[in-house]
Amino acid sequence: QYKRFGKNNKEIWIQASYNPIFDMNGKPFKVVKYATDITEQVMATAALNTAVEQTQTVVTAAKAGDLARRIPMDGKTGSIKSLCEGVNAMLEGIALSRETEQKQAQENARIKQGLDVVQTNVMVADADLNVVYVNESIKEMLAVAEADIRKDVPSFNARTVVGTNIDTFHKNPAYQRGLLSRLQSTHNAKLVLGGRTFSLILSPINDDKRERLGYVVEWKDLTLELAAAERVAKLAAETARVKQGLDVVVTN
């Protein structure tokens, strides 16, 4: 195979074979040359090799995190053009997905930072009721209540709540799961653990198609409030008895 130049200095590739012709005595007296124009095949092979090299360069950059590079389309035709366009389209899709993921991660970070500092005790669970987030406020509340909660849930650890399944806190998990699966709006409930009474506000988290993504649970320890209310009720009853007694005496 060798290169030649035709009219207007056009590059031409030829594949040729040289065959000796022998006389009656076995001596070569002429040579016959058989030549074929293989310009199209050579150019196609060169274009393919170039496309492979360019693709390897772009893919290597993508593996390193650079999703901005694309395969040049200059001079590409036929199946090679289609292949390179497909690779470029794939990279566009990956870059778009990466950008979307980064924006979502930033949004999630902002939400987390906001929830971390609120005074409400907030817990987030996934669709299978596994705890995936707790804010600082609820961490403090659960740490205070840990010893009491362990009376009913011996394995409870306030420091490792994330990853725990909400089933752990309920005596009848199947009933609770059925209730939550049908939940369409905010639900209020009470949970008694180890002598402590907790008020729960559960809100479903759905996507745009109303598919269940998880739940937000707001906790409040009512133990001290209930104890105070009980003391007030007892004091009120005692005061009423004293008043009734004083109302009937004849002493001023």
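A quick note: this is a predicted structure, and the numbers were derived from the prediction, not measured.
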Do the side chain of Asp66 and the main chain of Ala62 share a donor and acceptor less than 3.5 angstrom apart? no
Residues Lys234 and Glu238 bridged, charged N to O under 4.0 Å: no
Side chain to side chain contact (heavy atoms under 4.5 Å, CB included) evaluation trace for Asp167 with Leu129: CA-CA 7 Å; Asp167 287 346; Leu129 304 184; 3.9 Å; yes
So do the side chains of Tyr18 and Val32 get within less than 4.5 Å of each other, counting heavy atoms only? no
Kindly indicate whether the side chain of Tyr133, heavy atoms from C-beta on, has any atom under 4.5 Å from the side chain of Val162. no
Start with the C-alpha gap between Asp23 and Lys30, add the side-chain angles, then the distance that decides, and say whether salt bridge (Lys or Arg N to Asp or Glu O under 4.0 Å) holds. CA-CA 9 Å; Asp23 62 16; Lys30 66 169 64 174; over 6 Å; no
Check whether any side-chain N or O of Asp221 sits under 3.5 Å from a backbone N or O of Met141 as a donor-acceptor pair, and report yes or no. no
Do Val124 and Ile205 have side chains that approach each other closer than 4.5 Å (heavy atoms only, starting at C-beta)? yes
Glu146 side chain vs Ala158 backbone, donor-acceptor pair below 3.5 Å: yes
Between Asn8 and Lys10 (side chain of the first, backbone of the second, donor and acceptor by atom type, cut-off under 3.5 Å), is there such a pair? no
Applying side chain to side chain contact (heavy atoms under 4.5 Å, CB included) to Val216 and Met123, what does each step give before you reach the verdict? CA-CA 6 Å; Val216 175; Met123 173 185 290; over 6 Å; no
Polar contact flag, side-chain donor to acceptor under 3.5 angstrom, Trp13-Glu11: yes
Is it possible for you to say whether Leu183 and Val217 belong to one hydrophobic cluster, with membership spreading through side-chain heavy-atom contacts below 4.5 Å? yes
Using modelled atom types and a 3.5 Å cut-off, is there a donor and acceptor pairing between side-chain atoms of Tyr215 and backbone atoms of Leu202? no
Testing Leu191, Ile201, Val122, Val134 for side chain to side chain contact (heavy atoms under 4.5 Å, CB included) with Trp219, which one passes? Leu191
Kindly state each residue pair satisfying salt bridge (charged side-chain N to carboxylate O under 4.0 Å, His left out) with at least one member in residues 198-218, sequence neighbours excluded. none
Enclosure of Tyr2 OH (heavy-atom neighbours >12, cutoff 6.0 Å): yes
Whether Thr164 side chain and Thr160 backbone form a donor-acceptor pair below 3.5 Å: yes
Would you sort out whether Lys76 and Glu85 count as a salt bridge (Lys or Arg N to Asp or Glu O under 4.0 Å), showing the intermediate values? CA-CA 10 Å; Lys76 305 277 191 312; Glu85 286 177 340; over 6 Å; no
Does any part of the side chain of Arg177, heavy atoms only, come nearer than 4.5 Å to the side chain of Asp128, both counted from C-beta? yes
Within-4.5 Å side-chain heavy-atom neighbours: Val131 and Asn165: no
If we ignore hydrogens and angles and just use 3.5 Å, is the side chain of Asp148 paired with the main-chain N or O of Arg196 as donor and acceptor? no
Check: Phe198 and Leu222 side chains under 4.5 Å, non-hydrogen atoms: no
Is any side-chain heavy atom of Pro72 closer than 4.5 Å to a side-chain heavy atom of Gln54? yes
Close side-chain approach of Ile38 and Gln1, heavy atoms under 4.5 Å: yes
Among residues at least two apart in sequence or on other chains, which ones pass salt bridge (charged side-chain N to carboxylate O under 4.0 Å, His left out) with Lys81? none
Taking Thr197's backbone N and O only, do any of them form a donor-acceptor pair with Thr223's side chain (distance below 3.5 Å, no angle check)? yes
